[in-house]
Amino acid sequence: MAYYGNLALRPERVEEQQRQQRQQPARQTQKTKVTRRRSIPIGEKLLYLFTVGLVVFVAGFIIFRYAQIYQINGEIQATKKSIEQATEQSKELQNEVNRLSDPAEIRKKAIANGFVPIESEGITASKDDQNAVAMKP
């Protein structure tokens with residue numbers, strides 16, 4: 001049978017490998033000595049525990065302080081916003097006071113409410129030593 005150089009198909013080779021596997025004696029198990037590591041001493045364990053506890057405490061304290069700072073910043077922003085609103089409202093009210101204080105506006109409101117303008121010169125005030133008198137001329 002011709003194999004044309006393909007060694008994987010040679011039947012002799014496969015049979016030879018099978019023979020070698022049958023001829024190999026069973027492997028003997030060897031006992032190996034297992035060494036156990038000693039545990040960490042108690043003092044060192046306590047030192048590690050104390051160090052971890054200290055790190056956790058410091059980290060918790062820092063996080064707590066950042067939470068307080070965040071809360072205070074929120075309160076500051078809310079206060080600034082309320083101050084801006086109060087300032088804006090104050091400006092609006094001041095503009096309204098200026099508009100309503102205008103004599104022409106007062107005259108219009110008085111006429112609208114039924115008051116009549118005085119046609120004469122007006123009222124004169126005189127002051128005596130003991131009494132103040134307002135008279136119409």
> Run through R107, K108, K109 and flag the one making a side chain to side chain contact (heavy atoms under 4.5 Å, CB included) with I111.
R107
> Compare every heavy atom of I106 with every heavy atom of L100, then report the nearest pair and how far apart it is.
O-CG1, 3.4 Å
> What distance separates Y66 OH from I69 CD1, expressed to the nearest 0.5 Å?
6.5 Å
> To the nearest 0.5 Å, tell me how far T87 OG1 sits from Q89 CD.
10.0 Å
> Just how far is it from atom CD of E88 to atom CG of L93, taken to the nearest 0.5 Å?
11.0 Å
> Drop me the distance from S82's OG to Q77's CD, to the nearest 0.5 angstrom.
12.0 Å
> Would you compute the distance between atom CG of L54 and atom CG of L49 and round it to the nearest 0.5 angstrom?
11.0 Å
> Residues in side-chain contact (heavy atoms from CB on, under 4.5 Å) with R37, at least two apart?
none
> Can you check whether E75's main-chain N or O pairs, donor with acceptor, with T79's side chain at less than 3.5 Å?
yes
> Is the count of non-hydrogen atoms from other residues, nucleotides or ligands lying under 6.0 Å from I42 atom CD1 greater than 12?
no
